[in-house]
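First comes the structure, then the notes that go with it.
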Amino acid sequence: MDFTAKDKMVAILVNMGYPAVDALEAVEKCGLQAEIMELTDYIYAAQMEKQHDVILQEPAYIWPKPPHDNLPSRSRGKRKFCDSRVSLPKEMIGFGVPGHPRYIVERRLPKSALGPPYFYYENVAYSPKGTWETMSRFLDEIKPEFVDSKYFCAAARKRGYIHNLPILNRFRLSPKPPCTIQEAFPDSKRWWPSWDRRTQLNCLLTVVSGFKLSEDIQKRLESCPGATPPKEVQEYVLAKCRKRNLIWVGKNNVAPLEPEEMEMILGFPKNHTRGGTTRLDKFRALGNSFQVNTVAYHLSVLKKEFSYGMNVLSLFSGIGGAEVALHRLGIPLNHVVSVESSEVNKNIFRSWWKQTNQRGTLIEIGDIQHITIDMVGQWIKAFGGFDLIIVGSPCNNLAGGNRVSRNGLDGELSSLFYHYYRILHIVRDMMGR
DNA sequence: AAAAGCATGAGATGAAGA
DNA sequence: TCTTCATCTCATGCTTTT
């Protein structure tokens, strides 16, 4: 290499005001044939890139080390399935539901998953492929417990739960809520046609159908001669009723559920969502909520240990399904940190907190992304630690009803799951885990 | 400006059968 | 093992009304 030529070019660049290190790098990368202009461009681009790297590396959060990305283990021979694939059971009864007991001899939890704190995570069962595998991977490889709330109330609600709770000696809330449409809506019996054999409703969603569909159905039925409509009409009406979760409220007249009826089915107190909200807000809040009886059944195992109360970190609290469940179990809420971004939901929850005369302290946080290590440290210092972290992270990008942005766990809202992972590890670290 | 009304399938799964 | 068929889903975004 011609050292003289190289030194000369570096010297020119240094004279132009560029750092010697950058000048040397530029000459070496671009070669001796390069023009001065080309070299200065290179240095400029390299400097910008470095700056960019610095900006990117600035840690907005300190993320815990992600779990090892297990490759699917393939068996020898023709078997193509991988062992890590989560399969959804046909009957979603998890570790057992009332009436369908199923005895688990042993449930193995990895050491890293053992409490305290206990954690309880929930999301929709029918998520895009691979979603539950990823969630499990981030949550100590615990396999989700899939449970359909149709065993606890009059509507289906297929959800997966990843938790480290004990599962023996669960008990359910009393009184037992109505588990069939007929029990839940006795008044509808007199309008219910014999050819509609539904006994339970489908999943309660965040939107309900409008008046137009009911009108259309009524017209079709009334244009039929005779007592019972022909098969085609029956099937058409039934399909609509199933899809839009309609019940019979008059002669040939179907209607969607009212917010108060959804509250009842989901196990909330009457008028829980009353406080100053629009109809749309109520449907959205309820459609996104826990089914209280189901969650309470799982949390019931904590009653003995925490009969004097517990400290709860509640992420994505919504309208407070978790807190309502604990309250109805008779577990006092000593300290609750509730993270919820919707003002409407916060109002509903605060209103419940006052109405039930809670004596514990409530700390409200709007955005989970604003939670820092220092904040968690202050909470733990103030009241000792958390006994339970309870989370139902956004399902918007996972739910089957989303036709626009069902793009999985990395979607805009559903990716907030990773903040739960982040915070869970902060809490564990601070509690000496 | 806010609330309500309304149209918009894909994707996954399981059952049944070829 | 491969089709078909039936079923169901914590929703979004545009339009209309209040």
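Quick caveat: nothing in here was measured; it's all calculated off a predicted structure. Side chains are part of it too, since the values below use all heavy atoms of this structure and drop only hydrogens, waters and symmetry mates. We name chains A, B, ... by the order of the sequence lines, and we start the count at 1 in each one.
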Item to complete: Return the 5'-most residue of the pair A/Lys243, A/Pro128 with respect to DNA chain B, ranking by each residue's nearest nucleotide.
Response: A/Lys243

Item to complete: Could you pick out which residue, A/Leu280 or A/Arg403, lies toward the 5' side of DNA chain B when each is mapped onto its nearest nucleotide?
Response: A/Leu280

Take the protein atom [atom1] of [X] and the nucleotide atom [atom2] of [N], then report the distance between them rounded to whole Å.
X	N	atom1	atom2	result
A/Glu343	B/dA2	CD	C1'	17 Å
A/Met92	B/dG14	CE	P	8 Å
A/Glu412	C/dA11	CD	C1'	14 Å
A/Asn402	B/dA12	CG	P	14 Å

For [X], answer base if it contacts any base atom (sugar-phosphate contacts may also be present), sugar-phosphate if it contacts only those atoms, and nothing otherwise; contact means non-hydrogen atoms under 4.0 Å.
X	result
A/Arg157	base
A/Cys395	base
A/Ser149	nothing
A/Phe211	sugar-phosphate

Fill in: Base-paired stems in DNA chain C, each at least three Watson-Crick or G-U pairs under 3.5 Å
B:1-8 with C:11-18, B:10-18 with C:1-9

Discussion item. Check the phosphate of C/dC10 against A/Asn123, side-chain N and O only, distance under 4.0 Å to OP1 or OP2. Yes or no?
Written reply: no

Worksheet item: Below 4.0 angstrom from OP1 or OP2 of B/dA4, is there any side-chain N or O of A/Thr278?
Response: yes

Practice prompt. Take the angle between the ring planes of A/His298 and A/Tyr120 and call it parallel below 30°, perpendicular above 60°, tilted in between.
Written response: tilted

Practice prompt. Give me the ring orientation class for A/Phe386 and A/Phe383: parallel if the planes are under 30° apart, tilted from 30 to 60°, perpendicular past 60°.
Written response: perpendicular

Discussion item. Looking at A/Asp216 and A/Arg220, is there a salt bridge between them, counting it only when a charged N and a carboxylate O are closer than 4.0 Å?
Written reply: yes

Discussion item. Between A/Glu260 and A/Lys270 (salt bridge meaning N to carboxylate O under 4.0 Å), is one present in this structure?
Written reply: no

Fill in: A/Lys150, NZ atom: more than 12 neighbouring heavy atoms under 6.0 Å
no

Item to complete: Tell me, yes or no, whether the heavy-atom count around A/Glu215 atom CD, taken from other residues, nucleotides or ligands under 6.0 Å, exceeds 12.
Response: yes

Worksheet entry | With sequence neighbours excluded, residues passing salt bridge (Lys or Arg N to Asp or Glu O under 4.0 Å) with A/Asp387 | none

Discussion item. What's the gap between B/dG14 and C/dC10 when it is taken at their P atoms, as a whole Å value?
Written reply: 15 Å

Discussion item. Between C/dC10 and A/Arg159, counting only base atoms on the nucleotide and side-chain atoms on the residue, is there a donor-acceptor pair under 3.5 Å?
Written reply: yes

